[in-house]
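The structure is given below, and queries will be raised subsequently.
These figures come from a predicted structure and were not determined experimentally. Every chain is numbered from 1 and lettered A, B, ... according to where its sequence line falls, protein lines coming before strand lines.
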Amino acid sequence: MSIPKTYNPRIAEDKWYRHWLEKGYFYSKPDKREAFTIVIPPPNITGVLHMGHMLNNTLQDVMIRRARMMGYNTCWVPGTDHASIATEAKVVAKLAKKGIQKSDLTREEFLSHAFDWKNKHGGMILKQLTKLGASCDWERTKFTMDDDMSESVIKVFVDLYKKGLIYRGVRMINWDPSAQTALSDEEVIHKEVSSKLYYISYNIEGSGEKLTIATTRPETILGDSAICVNPNDKRYTHLKGKNAIIPLIGKIIPVIFDEYVDMEFGTGALKITPAHDINDYQIGDKHDLEIIDILNDDGTLSKSAQLYVGKDRFAVREEIALDLEKDGFLVKTEEYQNKVGVSERTNAVIEPKLSMQWFCKMKEFSKPALDHVMNDDIKFHPSKFKNTYRHWMVNIKDWCISRQLWWGQQIPAFFYDGNKFVVAQTKEEALTLAKKENPNITIEDLKQDEDVLDTWFSSWIWPISVFDGIRNPDNKEINYYYPTNDLITGPDILFFWVARMIIAGYEYRKELPFKDVYLTGLVRDKQGRKMSKSLGNSPDPIELIEKYGADGVRVGMLLCAPAGNDLPFDEGLCEQGRNFSNKIWNAFRLIQGWEVSDCEQPESAKQAIIWFENKINKTINEIDVSFSKYRISEALMSTYRLIWDDFCSWYLEITKPNYGSPIDSITYQKTIEQLEKILKLLHPFMPFLSEEIWHLIKEREEDIIISNWPKDAEINNVLLEDFENMTEVVAGIRNIRKEQNIPNKDQLVLEVINHQTQSNNLNAIIIKLGKLSSINTISEKPSSAFSFMVKSNEFFIPISDTIDLVAEIKKLQKELDYNKGFLKSVESKLKNEGFVNSAPEQIIANEKNKMADAKSKIKILTSKIASFQNS
RNA sequence: GGGCGAUUAACUCAGUUGGUUCAGAGUGCCUCCUUUACACGGAGGAAGUCGGGGGUUCGAGUCCCUCAUCGCCCACCA
């Protein structure tokens, strides 16, 4: 059969993925083996696969595939998140295109549209993951709004309410005027913007005096309840008991005194708008001021504003500035850098708003989650995120969990008799509870809270609810699969998700939800911007896979992705991955093209096999260590070098027979064994290629995906070192060929003086790779020859007629100078009493060895130079 | 404003308790080579005052101080 020169990923990928599915390798049921579990960070149903997902899921797949080979019962649970705000926004937009307003629909009608949308688009991203080779247990695919999942969420809500951890109250919250819902603090991003600071003067009632304040939001003067100054501010003490008049509307408000006000800032006078600023609210509360909410939910001005009613807050800002200026109230404006909060989802500028919402008390509740991370029961990789985590946890605030949306789990609070309510799993239970208060209540009288829960209120129990551990805490699956092993996700959702899962884990399982958290970096584009769905700057991963193969893309992502480091994405990395695929493919092509016969095994092959067996064991050890430290890119690099350098450049170059000659059966057999081992090591990183070659080597039942992960063994380090030295000898010969332009077909003789190292065993290899006719041991150096040194052995290639004496002497002189300098530094170190007295014995012995070594090199070099100069 | 982390070759990063020739890897770059698995390749090469300055030590990329630059997280100063 003829095998193409380049590897074609298309042939392997779909074929093997289907095969693995058919064989059921991805599916997991509890059994006697130890479980290895990962729950996927459920991507939003609104999302399509982007580079962040690629990185994340490749890492998860690597961990799962390796664990599977190590004999664990692996279970990778996939699924999607209903993403309440994002999805609702998409559905609303889609309906709007059809001319349908959300307000035209009943809740049920809207939800039916939303589920239609979810059914159409929601599975897309999971389908894309299969292209990447993700070995998820697809039979376990979950959605955060599946009936059982929602039921678990509601159960948790009711439970926490009963425990007194959930309460309802009027608080200052973050209002998103675009989505028209409350947000948690975490959903608000503070951005620096250039804005203006407006200086506005207020007339003081009953005097000609004016009082000037500074504000970035002049439109909010319509909601002012007071002007506040610092009681220690001598400029304003005389205003005690006076009133100010709000410009344009003429409303009279008191001048109040509070030390909160910074005398240095602006004019030292602060307008107080309790409805639209958290600080003003607190001052207003303290001084018992009127709260005037001048904004509607959509960010337009309300009737309470009196002016500009129905106009947008930003339009009003400009308009009111003009009007104030016209009437002489605007003193001046200044350029000003300040920070505004915007909605993480809609990018709308957040309004602080006083509103009735549901909250979860976090302070005490989160304590175990903090402790168990700080004492490494749960390990973060890299550990620097422990700091960030701690900082957030100790400053944790109550979590606003209600959202004024329809898409999500509706809050199970049922109202009756006006403001009275009960919290219960079902309306029937609620009725029973309500009847205790008022026996006349009927089920029709109960009205469920319109709001839904924050999306993260469902995803924080994800590792438990996917195994039904909330509804049935003692079921077999949860006890088997929980706690999960690795959580692999981005640091951007450390608080949104990771921290809260840990909290929920200790609350509902009394146990950690996962043992290790691997926080990836963010994938950035070439301008250093975060790649994300909202920016739309991510290359299409499916196109990349088509171009470079899934394995190539996986390798490309992993090579540059040490834990926690951002990676600027460069397509060249995928190219490197593809080239690597091809390298392995061609190594395989070479081997399968060999003609096997009973001829004698060459000495060089014998030595190469022994060496490579040691080398592979050493590398397996390195790879295992890297994995245990979650240094996945290092594990891959070890594998990469083992294959490219050790296997291809050395092992195969040594063992491959001369052109047209057959290979002996022992070497052939051994080579196949080595190749198989290598493919196993490669499998977690490059599943398709490894499976493809595994089966092309020979027909067999067993698939590599479930083969055993190779174990490391005793390593003969002396042998490895000898081989290293040997490679330097070969490099020396190649160097001389290159410098002197000696073609490979010209066979050379290599002469060695007192060649004492054990690498005599490796002479056969040197002869083969150096294209030598022989290696001779000599006692005196030849009169003129090219030469090089490896350790303290001197090698010669005698070709007197072509040698460039001047260049050769120059080269030797350079080497001599280096060694002299080196000797000097070693000697001075050894003369230093401080060093000799305080350095450990081993270090001193090493220095002495170095000195002896340098001395002997200097001696050799000096005499060599002399002999050249004489000739 | 508070906290955390980083700064090592053109790029992306290793460098474990200070001590072997410790200044490394991969990519890229330069030179040569279409040789018989692979040009998605081979052989060789150049390349860094380890951000600046100070200190501790016999010895510092590694520990301490300081400055600079960058990044991240948190935060209610108009």
Side-chain angles (χ1 to χ4, degrees), chain A residues 3 5-7 172 185 190 197-198 213-217 220 228 260-262 264-267 269-273 277-282 336 338-339 341 352 382 384-392 395 491-492 494-495 522 528 548 552 559-562 564-568 570 572-573 575-594 629 631 633-634 637 640-641 644 648-649 652-653 656 658-660 731 734-735 737-739 741 743-745 818-819 822 826 829 832-840 842-847 849-850 853-854:
Chain A
I3 299 177
K5 258 169 95 166
T6 47
Y7 168 63
M172 198 61 125
D185 294 342
H190 295 273
L197 194 57
Y198 299 84
I213 57 93
T215 178
T216 53
R217 305 192 55 188
T220 61
C228 188
Y260 167 81
V261 178
D262 179 355
E264 305 297 317
F265 190 91
T267 59
L270 172 65
K271 69 189 230 23
I272 303 294
T273 323
D277 184 283
I278 178 75
N279 298 306
D280 291 13
Y281 172 72
Q282 279 157 9
Y336 187 66
N338 76 332
K339 292 208 168 173
K384 67 176 176 186
F385 285 110
K386 273 170 78 175
N387 285 324
T388 313
Y389 179 85
R390 184 189 56 215
H391 191 253
W392 188 74
N395 294 304
D492 49 337
L494 186 60
F495 309 134
L522 296 175
Y548 300 104
L559 273 177
C560 63
N565 278 340
D566 287 358
L567 61 108
D570 181 358
L573 296 162
E575 203 177 317
Q576 191 184 346
R578 182 207 52 188
N579 294 355
F580 185 44
S581 308
N582 204 50
K583 186 71 184 175
I584 303 155
W585 180 253
N586 275 289
F588 158 70
R589 269 205 328 136
L590 171 69
I591 294 165
Q592 71 83 42
W594 282 341
K629 293 179 181 167
R631 296 180 162 207
S633 55
E634 275 179 32
M637 191 41 77
Y640 183 91
R641 292 172 64 188
W644 202 305
C648 294
S649 295
L652 288 179
E653 287 301 322
K656 79 175 176 191
N658 291 328
Y659 184 58
R734 285 173 174 167
N735 224 336
R737 278 190 188 277
K738 177 126 181 162
E739 279 172 9
N741 261 323
N744 278 339
K745 63 179 181 351
Y818 172 82
N819 276 289
F822 179 66
V826 175
K829 208 185 253 186
N832 184 328
E833 277 182 38
F835 174 72
V836 180
N837 293 337
S838 41
Q842 184 59 43
I843 300 295
I844 294 172
N846 282 334
E847 289 300 314
N849 283 341
K850 281 195 267 177
D853 198 49

* Asked: So, do A:Arg578 and A:Tyr7 sit near enough that their side-chain heavy atoms are less than 4.5 Å apart?
  ->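 In short, these two side chains do not touch, never coming nearer than 4.5 Å.
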
* Asked: Does a side-chain N or O from A:Asn735 land closer than 4.0 Å to OP1 or OP2 of B:A43, or not?
  -> no

* Closest listed nucleotide, where the reference is the side chain of A:Phe835 and the choices are B:C76, B:C58, B:G26 -> B:C58

* Asked: In whole angstrom, what separates A:Asp185's CG from B:A75's P?
  ->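 Value for this atom pair: 6 Å.
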
* Got a donor-acceptor pair under 3.5 Å from the side chain of A:Asn837 to the base of B:C58? -> no

* Asked: In the structure shown, which nucleotide is the Watson-Crick or G-U wobble counterpart of B:C72, with both distances under 3.5 Å?
  ->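 Here B:C72 is engaged in a pair, and the nucleotide opposite it is B:G3.
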
* **Distance in angstrom units between A:Arg641 CZ and B:G24 C1', rounded** => 9 Å

* Does A:Lys583 put a side-chain nitrogen or oxygen below 4.0 Å from OP1 or OP2 of B:G41? ->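 No, A:Lys583 has no side-chain N/O under 4.0 Å of OP1/OP2 on B:G41.
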
* Is the closest side-chain heavy-atom distance between A:Tyr260 and A:Cys228 below 4.5 Å? ->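 No, side chains not in contact.
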
* To do: Please determine if a side-chain N or O atom of A:Trp644 lies less than 4.0 Å away from the OP1 or OP2 oxygen of B:G42.
  => yes

* To do: Please determine, for the side chain of A:Arg734, which listed nucleotide (B:C77, B:A43, B:C38) has the closest atom?
  => B:A43

* A:Lys738 side-chain proximity, nearest of B:A43, B:A78, B:C58 ->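 Given the options B:A43, B:A78, B:C58, the side chain of A:Lys738 is closest to B:A43.
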
* Going by the angle between their ring planes, with limits at 30° and 60°, are A:Phe495 and A:Trp392 parallel, tilted or perpendicular? -> parallel

* **Euclidean distance, atom CG of residue A:Asn658 to atom C1' of B:A37 [Å, nearest integer]** => 15 Å

* Asked: Base, sugar-phosphate alone, or nothing: which one does A:Pro491 contact when heavy atoms must sit under 4.0 Å apart?
  -> nothing

* Length of the NE2-C1' vector between A:His391 and B:C74, whole Å ->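 The answer, rounded to whole Å, is 5 Å.
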
* Are OP1 or OP2 of B:G41 and a side-chain N or O of A:Asn579 less than 4.0 angstrom apart? ->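 Yes, A:Asn579 has a side-chain N/O under 4.0 Å of OP1/OP2 on B:G41.
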
* To do: Please give the nucleotide sitting opposite B:A10 as a Watson-Crick or G-U wobble pair, both distances under 3.5 Å, or none.
  =>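 B:A10 is paired with B:U27.
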
* Using only side-chain N and O atoms of A:Tyr640, determine if any of them is under 4.0 Å from OP1 or OP2 of B:U27. =>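 So the side-chain polar atoms of A:Tyr640 do come within 4.0 Å of the phosphate oxygens OP1 or OP2 of B:U27, strictly under.
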
* Asked: Are A:Gln576 and A:Leu573 side-chain neighbours, meaning at least one heavy-atom pair lies under 4.5 Å?
  ->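 Answer yes - side chains close enough.
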
* Asked: What is the nucleic acid contact for A:Ser838, judged by heavy atoms within less than 4.0 Å: base, sugar-phosphate only, or nothing?
  -> base

* Asked: Base, sugar-phosphate, or nothing for A:Phe580, non-hydrogen atoms under 4.0 angstrom?
  -> nothing

* Structure fact -> In whole angstroms, the gap separating P of B:C13 from CG of A:Leu573 amounts to 11 Å

* **Protein-nucleotide distance (A:Arg578, atom CZ; B:A39, atom P), rounded to Å** => 12 Å

* Presence of A:Arg631 side-chain N/O under 4.0 Å of B:G15 phosphate oxygens OP1/OP2 -> yes

* **Out of B:A43, B:C40, B:A37, whichever nucleotide has its closest atom nearest the side chain of A:Leu652** =>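 Of B:A43, B:C40, B:A37, B:A37 is nearest to the side chain of A:Leu652.
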
* Asked: Looking at side-chain heavy atoms only, is the closest gap between A:Lys386 and A:Arg390 below 4.5 Å?
  ->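 When only atoms from C-beta onward are counted, A:Arg390 and A:Lys386 do not touch, as no gap falls below 4.5 Å.
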
* Any A:Tyr336 side-chain N or O less than 4.0 Å from OP1/OP2 of B:A78 ->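 Result: yes.
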
* Take the protein atom CD of A:Glu653 and the nucleotide atom C1' of B:A37, then report the distance between them rounded to whole Å. => 9 Å

* Structure fact -> note: A:Glu833, atom CD; B:U57, atom P; distance rounded to Å ~ 17 Å

